Amino acid sequence: MTNHTGDPTDAAGDDPIRATGDGPTGDGPTRATGDDPTGEGPTDATGGGTGGDEGRRAADDAGRPAEVPGRGRRLRRAVGGPLAALLVAAALTAPDQLRELSPAAFLRLPVEALIVAAALLALPPRPRRVVAALTGAALGLVTVVRLTDLGFQVAWDRPFDLVSDWVLFDDAYAFLAGSVGRAGAVGAAVGVVLLAVGLLVALALAARRLAALLARHDTGARRAVAALTVGWVACAAFGVRIVPGVPVADSGATALIRYHAVQVRGGLSDGDVFAAEVAADPYRDTPGDQLLTALRGKDVVVAFVESYGRDAVEEPEFAQVGAVLDEGTRRLRAAGIGSRSAYLTSPTAGGGSWLAHATLLSGLWIDSQQRHRSLLATDRLTLGGAFQRAGWRTVGVMPGALADWPEGKFYGYDQFYPARELGYQGPKLGYFLMPDQYALSELQRRERSTPGHPPVMAEIPLTSSHSPWTSFPRVIDWDDVGDGSVYHRNSAVADVGGKPVRRTAAQIRADYRRTVEYTLKSLISYVETYGDDDLVLVFLGDHQPSPVVTGEDASRDVPVTVVARDPKVLDRIDGWQWQDGLRPGPGAPVWRMDTFRDRFLTTFGSRPDPGAPPAAAPR
């Protein structure tokens, strides 16, 4: 019972509870102020406290009975401390690569834990609690960045860019909405936000609990930190490893912070470097009558095949893609149509198609959102702009553009066709709306079918092979394509409505292969059907697919092919030493994608301005 003064008189000897109703949360009784000493010992009226043994001695000196923790509290203490230690240790030692993710990978000794523990032991109680909470929150932030890096490794095969990648979260949300529905995308977004906030809070609380544990066992903690520091130095000196490639003496959190600090500094300083690269354009002021003279009268189509990477034509698992290309080469050759192929190195992988488009068309290395935004604010001559200046009608057929696309003006398009203007009346197939054969048929109907039409230069991204690879149209007769209503029939679609979250990695790779085959068959059929003497087709991949298809550390090479019936066009590129046919072999030349614009312009009769500054050397 409790008397009228509030003094504890519980004869059972349980923890005393003050008249305020506050319960004990530390090693000693809690005063009427209600402050929480977080387990470091009794707290006075100012909120200060003393740790462990000192707190119990102070209680004895004051004539008060030392507190005996209750059963529930002893259980919380016994479980809470180890859980807090495991959480902090996991946050500090989590691997940076998915391939390293295994229980053994966490068997490391993080130097950051030793440094922070030593600092906390040297601090008095109140600063110790504040520093512990701030350190835990900072570790939570580092953990969020680490997890984001892992997500970007899966999707784009690179870490998260703290300067310019924030816009990609919008694209990730749109991808989820298109794959699992808007409700699922909202749920995932909410879950991600809650996880991030939860990590910050949980690690801050865990760090405070561990600080209290250090204070209660001050002497033993100092000895343990000293011994572990010696062990860390020994493991570092001898390169001790439990898991191959993962040292026991770990400093991964520090390395992560250092990497992103360098990344931010580099991103902030890249503006001046990029401005100099933009200004160094040998074709900037070349008159239109001196551009592309060897292609006069030709229709030139530049087609980007989504996720069409080097692995698609070289990996044995995707041998059927190579078979489609080889059969296409034979069929086109029988029709008098030739082709030459090689590889280009893309600035991106797994996603970010617009970076590849901008790189090829501008002749600049666009490997970040920051560079992409900066490019769009310049007057850089693009490949489309060069054709426009030389008198071609330039168009962009964009089946994947679901909203306005003001960038079309930068790329030099006289006419831009977003998805809503292409008149598609069929079902949604894949991540984007319409099949590639339909998009190609609209290009033909709107721009190339009228006799005597002016020469056309068109860019068309083909999107049926975009992840998550769940719908597979069939190539049908071009006269049957119409407004796309035919795709409501089962005969025009091989599979619809796959569940992207229920497939194994092997199924995903098989589905990827099938969609790439479909797009390549559509292109080959288009050239067979509409490939007259005036058609020049350049088709290439924008980037390799995600690592779930290629595995980690795949190259960033993508196939590129030039197709033409007129032999003079292919004679022009003999000096490129590209290989004959639609399928580049292992020994085919590899160019950086940003070099294509200048080589293409030069080869097909463009004269650089003799007064222009030389182009910047590739980075």
Side-chain angles (χ1 to χ4, degrees), residues 292 294-295 298 300-315 318-319 321-330 332-333 337-349 353 355-367 383 459 461-462 465 516 519-520 523-524 527 531 535-545 550 554-606 615 618:
L292 299 159
L295 289 174
K298 304 291 187 187
V300 179
V301 176
V302 178
F304 286 90
V305 179
E306 172 66 39
S307 301
Y308 176 45
R310 183 165 189 151
D311 281 36
V313 299
E314 288 192 349
E315 284 297 312
F318 307 134
V321 173
V324 168
L325 293 171
D326 292 342
E327 175 63 20
T329 298
R330 289 190 290 271
L332 294 181
R333 190 176 292 146
I337 300 170
S339 55
R340 301 287 187 275
S341 297
Y343 290 106
L344 301 177
T345 301
S346 174
T348 185
S353 303
L355 303 180
H357 297 188
T359 295
L360 183 99
L361 299 174
S362 72
L364 296 169
W365 190 248
I366 311 299
D367 61 348
L383 198 57
E459 179 197 356
L462 300 174
S465 52
V516 171
T519 298
L520 295 176
L523 277 170
I524 293 166
V527 175
L535 175 65
V536 177
L537 170 65
V538 180
F539 74 90
L540 69 152
D542 50 6
H543 52 71
Q544 287 261 56
T550 64
S555 80
R556 295 200 170 191
D557 297 345
V558 297
V560 58
T561 300
V562 175
V563 182
R565 184 185 294 274
D566 186 349
K568 295 179 182 178
V569 173
L570 298 182
D571 289 345
R572 279 269 177 175
I573 66 173
D574 278 345
W576 294 359
Q577 298 182 335
W578 286 17
Q579 294 180 345
D580 183 64
L582 300 176
R583 179 184 184 183
V590 180
W591 299 352
R592 277 178 40 132
M593 193 175 281
D594 57 334
T595 66
F596 180 85
R597 187 206 71 158
D598 285 6
R599 293 190 183 192
F600 187 89
L601 290 175
T602 300
T603 298
F604 289 104
S606 303

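Being a predicted model, the structure only gives us computed values, none of them experimental.
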Query raised in the report: What distance do Tyr308 atom OH and Leu520 atom CG have between them, rounded to the nearest 0.5 Å?
Result: 5.0 Å
Query raised in the report: Is Gln544 reaching over with its side chain to a backbone N or O of Asp311, donor-acceptor style, under 3.5 angstrom?
Result: yes
Query raised in the report: Checking side chain to side chain contact (heavy atoms under 4.5 Å, CB included) for the pair Val302/Leu540: CA distance, chi angles, key distance, verdict?
Result: CA-CA 8 Å; Val302 178; Leu540 69 152; 4.3 Å; yes
Requested in this report: Report the distance from atom CG of Asp367 to atom CE of Met593, rounding to the nearest 0.5 Å.
Outcome: 12.5 Å
Query - Nearest-0.5 Å distance that lies between atom CZ in Arg572 and atom CG in Leu295 - result: 8.0 Å
Report summary line: Value for CD (Glu327) from CG (Leu582), rounded to nearest 0.5 Å, stands at 10.5 Å
Report summary line: In short, Arg597 meets Leu361 closest at the heavy-atom pair CD-O, 3.7 Å
Query - Minimum heavy-atom distance Pro584-Gln579, with the two atoms named - result: C-OE1, 3.6 Å
Query raised in the report: Is there a side-chain contact between Val562 and Phe600 (heavy atoms, below 4.5 Å)?
Result: no
Query raised in the report: Would you say Val558 and Val305 make side-chain contact, with heavy atoms under 4.5 Å?
Result: no
Query raised in the report: Hey, what do you get for CG (Asp598) to OG1 (Thr603), rounding to the nearest 0.5 Å?
Result: 10.5 Å
Query - Close side-chain approach of Leu360 to Val560, heavy-atom, < 4.5 Å - result: no
Report task. Measure from the side-chain N and O atoms of Arg340 to the backbone N and O of Leu570, and report whether any donor-acceptor pair falls under 3.5 Å. Result -> no
Requested in this report: Show the numbers, then the answer: is there a side chain to side chain contact (heavy atoms under 4.5 Å, CB included) between Ile366 and Thr348?
Outcome: CA-CA 9 Å; Ile366 311 299; Thr348 185; over 6 Å; no
Query - 4.5 Å side-chain heavy-atom contact, Tyr343 and Pro559 - result: yes
Requested in this report: For the pair Glu306 (side chain) and Pro461 (backbone), establish whether a donor and an acceptor sit closer than 3.5 Å, ignoring hydrogens and angles.
Outcome: no
Query raised in the report: Quick one: which of Ser465, Ser307, Ser353, Ser346 gives a side-chain hydrogen bond (donor to acceptor under 3.5 Å, both in side chains) with Asp542?
Result: Ser353
Query raised in the report: How are the rings of Trp591 and Phe596 set relative to one another: parallel (under 30°), tilted (30 to 60°) or perpendicular (over 60°)?
Result: tilted
Report task. Determine, step by step, whether Arg333 and Asp580 satisfy the salt bridge (charged side-chain N to carboxylate O under 4.0 Å, His left out) criterion, reporting the C-alpha distance in whole Å, the side-chain angles of both residues, the deciding distance to 0.1 Å, and the verdict. Result -> CA-CA 11 Å; Arg333 190 176 292 146; Asp580 183 64; 2.6 Å; yes
Query raised in the report: Quick one: are Val538 and Val301 in side-chain contact, heavy atoms under 4.5 Å?
Result: no
Query raised in the report: Quick one: CH2 on Trp576 to OG on Ser341, what's the gap to the nearest 0.5 Å?
Result: 11.5 Å
Report summary line: Between Gly541 and Phe304 the two heavy atoms that sit nearest each other are O-CD2, 4.5 Å
Query raised in the report: With a 4.5 Å heavy-atom cut-off, do Thr329 and Arg583 have their side chains touching?
Result: no
Query raised in the report: So which heavy atom on Ala564 is nearest to which on Val536, and how close?
Result: CB-CG2, 4.4 Å
Query raised in the report: Are Arg592 and Trp365 close enough, and set up right, to give a side chain to side chain contact (heavy atoms under 4.5 Å, CB included), and what steps lead you there?
Result: CA-CA 9 Å; Arg592 277 178 40 132; Trp365 190 248; 3.4 Å; yes
Query - Test item: Arg310 side-chain N/O and Arg556 main-chain N/O as donor-acceptor pair under 3.5 Å - result: no
Report summary line: Heavy atoms of Thr561 and Gly581 approach each other most closely as CG2-O, 4.3 Å
Report summary line: Between Ile524 and Leu332 the two heavy atoms that sit nearest each other are O-CD2, 4.0 Å
Query raised in the report: How about Glu314 and Asp557: do any of their side-chain heavy atoms sit closer than 4.5 Å?
Result: no
Query raised in the report: Is there a side-chain contact between Thr359 and Asp594, using heavy atoms and a 4.5 Å cut-off?
Result: yes
